[in-house]
Amino acid sequence: MRTRSAQCNRVMSSKQRKIARRSLQLAAVVVVFVATAGSAFSQQLATPQASQSTSVPHVKCVIGLENIKANVKGTLSLLPNGLEFVTDKNKVDISTASIQDIFTGQESRQDVSGPAGTVAKAGIPYGGGRIVSLFSHNVEVLTVEYVDSNGGFHGTVFVLSPGKATVLKNQLVAQGAKVTNHLQPPAQEQKP
Amino acid sequence: MKPLARAAFPSNFSVVPSGTVFLMVASLLAHPSLLGKPGPAPQQMQKLTASAIQLERSDPPEDLLIPEDTRVATYENVILQLTKTKKFQHVYRSGDRTAASVPDLVVLRLIPEAFKAGSQKQREVTTVTGATSIKVKIQFASRDGKVLREKTVEGKVRFYGENLRATYDLAKKVAAVVNETF
């Protein structure tokens, strides 16, 4: 009897050890999974905010930046002390302290435009180019007025995808950029 | 029967030269200055001289709403075109403190008078409507505020191009006025 009970105890203890080991392994896997998923989830949550708030690619600088040609595309970034526009060749900074006013506006741009687009539209027979001209997309315009070190007035106009200009303006205002209240012209026509 | 030596009416070959001579004489009589007599001299603008120019910003009248991107694009385009004229040693921006030391500074003001916001889509679809135009009064003044010359110019985009191209057209016209003034 004693030998049987002793054998039973040994069998039970080995089973318990196995169960304990498996439960530990499972717990470890769960802990690792939760930790990994948590960090990945937090990255997913944080990444869009960071990209929205700090850097906007494919921004067109219409005019107004020193040493940058008109209608050049680049990346507009929000730095802790202002704006930065970077192209393949140049980089221009606008400090928050120098900003005098910021304006945003909604406009629309033709889907097919520019000299090549105009030629292509003109080449479509039976007035088909006019049909192509009907297609357009909305954009947002960010106008920043600032002064240089001598006090000279500068203004620059950026064209961004919808919603980005307002985000940048709000963040610049939060940094301390000056903004005045201004009357907006009536939005009778979307201005391409 | 003796044949006629001359036709009853003069031929075209004789009428045309005589008519030409008659017209030339008549035109000379009508413009005595061409004969060497002193006529009224055409009024020519006396050119101004200045080593530097400062472009000032001017607010539009209260009843005239101009989008700020149009105003900024106008200002920056005019600065670029003024620099391209090479008429001045320096083109100063509005508010530039270093302009205070320039003795013969000319101040250029662009006073907005009218603005019509068009539509690129409308222009390209209809061809005849949707033009964008901006009209400004150009005013050259001395440092003490005396107006030296004034002229009104209008920038337009009628067929192809974005609305802000009207500001480029306006700036080119401002540069033309500067070229004929300085």
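Values below: every heavy atom of this structure, side chains too, minus hydrogens, waters and symmetry copies. A, B, ... follow the sequence lines: proteins, then strands. Residue 1 opens every chain.
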| request: Look at B/E124 together with A/R109 and state whether they make a salt bridge at an N to O cut-off of under 4.0 Å. | output: no

| message | Is it the case that atom NZ in B/K116 sees more than 12 heavy atoms from other parts of the structure closer than 6.0 Å? | response | yes

| query | Taking everything shown except A/K60 itself, do over 12 heavy atoms lie less than 6.0 Å from its NZ? | reply | yes

| Between CD on residue B/E68 and CG on residue A/L142, distance to nearest 0.5 Å | 12.0 Å

| When rounded to the nearest 0.5 angstrom, what is the spacing between CD in B/Q120 and OG in A/S136? | 9.0 Å

| said: Are there residues of residues 84-94 of chain B whose heavy atoms fall under 4.5 Å of chain A's heavy atoms? If so, which? | reply: B/R93, B/S94

| task | Kindly give the heavy-atom pair with the smallest separation between A/S133 and B/K121, and that separation in Å. | result | O-CG, 3.5 Å

| Residue-level interface, residues 71-83 of chain B with chain A, non-hydrogen cut-off under 4.5 Å | B/V72, B/A73, B/Y75, B/E76, B/N77, B/L80

| note | d(B/D69 CG, A/I63 CD1) to nearest 0.5 Å is 11.5 Å

| task | Report, as yes or no, whether the 6.0 Å neighbourhood of atom NE2 on A/H137 holds more than 12 heavy atoms from other residues, nucleotides or ligands. | result | yes

| task | Test A/E107 against B/E162 for side chain to side chain contact (heavy atoms under 4.5 Å, CB included), laying out the working first. | result | CA-CA 11 Å; A/E107 294 186 2; B/E162 296 176 358; over 6 Å; no

| field | Which atoms of A/T143 approach chain B - backbone, side chain, both or neither, heavy atom under 4.5 Å | value | side chain

| Within a reach of under 6.0 Å around CZ of B/R158, are more than 12 heavy atoms found that belong to other residues, nucleotides or ligands? | no

| field | Shared hydrophobic cluster for B/Y160 and B/V125 (ILVMFWY, side-chain gaps under 4.5 Å) | value | no

| message | Side chains of B/T127 and A/R130 only: does a donor on one sit below 3.5 Å from an acceptor on the other? | response | yes

| Can you get from A/L79 to A/V167 by hopping between Ile, Leu, Val, Met, Phe, Trp and Tyr side chains that sit under 4.5 Å apart? | no

Please list, one pair per line, the donor and acceptor atoms closer than 3.5 Å that link side chains of residues 98-106 of chain B to other protein atoms, with sequence neighbours excluded.
from   : atom 1 : to    : atom 2 : distance (Å)
B/T98  : OG1    : B/D96 : OD1    : 2.6
B/S101 : OG     : B/T98 : O      : 3.1
B/D104 : OD1    : B/S51 : OG     : 2.6
B/D104 : OD2    : B/S51 : N      : 3.1
B/D104 : OD2    : B/S51 : OG     : 3.4

| Is atom CZ of B/R165 surrounded by more than 12 heavy atoms (other residues, nucleotides or ligands) closer than 6.0 Å? | no

| said: Do A/V132 and A/L134 sit in one hydrophobic cluster, given that two such residues count as connected whenever their side-chain heavy atoms are within less than 4.5 Å of each other, even indirectly? | reply: no

| query | Applying a criterion of heavy atom separation less than 4.5 Å, what residues of residues 151-161 of chain A form contacts with chain B? | reply | A/G151, A/G152, A/F153, A/H154, A/G155, A/T156, A/V157

| Linking I/L/V/M/F/W/Y whenever their side-chain heavy atoms sit closer than 4.5 Å, directly or via other members, would A/V56 and A/L65 fall into one cluster? | yes

| So if you build clusters from Ile, Leu, Val, Met, Phe, Trp, Tyr with side-chain heavy-atom gaps below 4.5 Å, do B/I111 and B/L148 land together? | no

